[in-house]
Amino acid sequence: MPHLALTASIQTILMLLAAPALLMLFGVITAYVWQFRIRRSGLGFDYAVFTIIVLLAMVLGGAI
Amino acid sequence: MTNDERLEKVYSPDIKPYSFEGKSGIFGTLLSIIMAPVRIISRVTHNVFILPANLQEGFADKWLLVSCILLAIGFLDFVIEKKWPLLVSQIPGIFLSLRLKRQASKSTEIATEKREVDIDIDQVTELCNSVYSEFESIVEE
């Protein structure tokens with residue numbers, strides 16, 4: 001099945017590049033929120049949405 | 001209007017029907033959910049670069065701690081679940097945070113150290129006089 005092979009290769013590339021990059025970015029943003037607290041950083045709702053999206057993407061993509 | 005009719009009248013607040021338009025509408029909510037990650041990434045990456053050195057040092061400390069915690073979780077994930085992205089993703093984070101911390105601490109030291117300049121009192125007087133003379137010439141113009 002060629003489309004399955006394509007899907008598998010896309011997933012491999014995403015696992016290799018996108019997942020570590022997104023997780024690193026998540027670390028940066030968490031550190032920013034920790035440094036300035038959730039209110040002063042101005043990222044309350046955005047941070048919650050971002051965390052949920054990252055977690056969902058990582059779990060569904062099989063990265064974590 | 002009789003008293004009976006007045007008693008029968010029901011006063012209700014202004015009810016606004018649910019709108020698809022505007023910020024509080026369904027499209028606005030969906031758009032904010034889609035835009036939240038974009039906005040957070042652009043804001044944080046921009047702000048990190050323009051932070052003053054003392055705040056940058058604090059941020060680098062927190063980044064190092066977060067990276068170490070996620071690295072430990074990633075190590076467990078790798079051992080138990082055989083999944084490596086979390087472990088691998090935090091290695092550059094540790095290096096970059098250490099580098100940022102070193103840079104920021106250097107800048108903080110330069111900013112806080114006492115600066116001394118060797119200058120003669122006559123030179124100081126001349127400099128002050130030149131400032132005054134220039135100021136006077138500007139005022140006269």
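We name chains A, B, ... by the order of the sequence lines, and we start the count at 1 in each one.
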Task: Exercise: identify the closest heavy-atom pair between B:Thr108 and B:Asn54 - done: OG1-N, 4.2 Å
Task: Residue selection (most heavy-atom pairs with chain A, distance under 4.5 Å) from B:Gly93, B:Ser67, B:Gly58 - done: B:Gly58
TODO: Please flag which part of A:Ile64 lies under 4.5 Å from any non-hydrogen atom of chain B: side chain, backbone, both or neither.
DONE: both
TODO: With a 4.5 Å cut-off on heavy-atom pairs, point out which of A:Val49, A:Leu22, A:Val28, A:Thr30 contacts chain B the most.
DONE: A:Val28
Open item on the list: Checking the side chain of B:Gln56 only, and the main-chain atoms of B:Val48 only, is there a donor and an acceptor separated by less than 3.5 Å?
Closed with: yes
Open item on the list: At a 4.5 Å cut-off on heavy atoms, which part of B:Leu70 comes close to chain A: side chain, backbone, both, or neither?
Closed with: side chain
TODO: Examine distances only and state if a side-chain atom of B:Gln90 and a backbone atom of B:Leu87 form a donor-acceptor pair shorter than 3.5 Å.
DONE: no
Task: B:Asp77 and B:Lys83 ion-paired at < 4.0 Å - done: no
Open item on the list: Please identify which of these residues, B:Thr125, B:Val131, B:Val124, meets the side-chain contact (heavy atoms from CB on, under 4.5 Å) condition with B:Cys128.
Closed with: B:Val124
TODO: Over all heavy atoms of both residues, which pair between A:Tyr32 and B:Phe59 is shortest? Give the atoms and the distance, please.
DONE: N-CE1, 3.6 Å
Task: Atom group of B:Ile91 that falls short of 4.5 Å from chain A, counting heavy atoms - done: neither
TODO: Write down the atom of B:Ser42, the atom of B:Thr45, and the distance for their closest heavy-atom approach.
DONE: O-OG1, 3.3 Å
Open item on the list: Shorter than 4.5 Å, heavy atoms on both sides: which option in B:Leu65, B:Ile73, B:Val88 has the most such pairs with chain A?
Closed with: B:Leu65
Open item on the list: Given heavy-atom pairs under 4.5 angstrom as the criterion, report whether the side chain, backbone, both or neither of A:Leu23 touches chain B.
Closed with: both
TODO: Side chain from CB out, backbone as N, CA, C, O: work out which of these in B:Glu81 comes under 4.5 Å of a heavy atom of chain A, or both, or neither.
DONE: neither
Task: B:Leu51, part contacting chain A, at a heavy-atom distance under 4.5 Å - done: side chain
Open item on the list: I need the residue from A:Gly62, A:Ala21, A:Gly27, A:Ala31 with the largest number of non-hydrogen atom pairs under 4.5 Å to chain B.
Closed with: A:Ala31
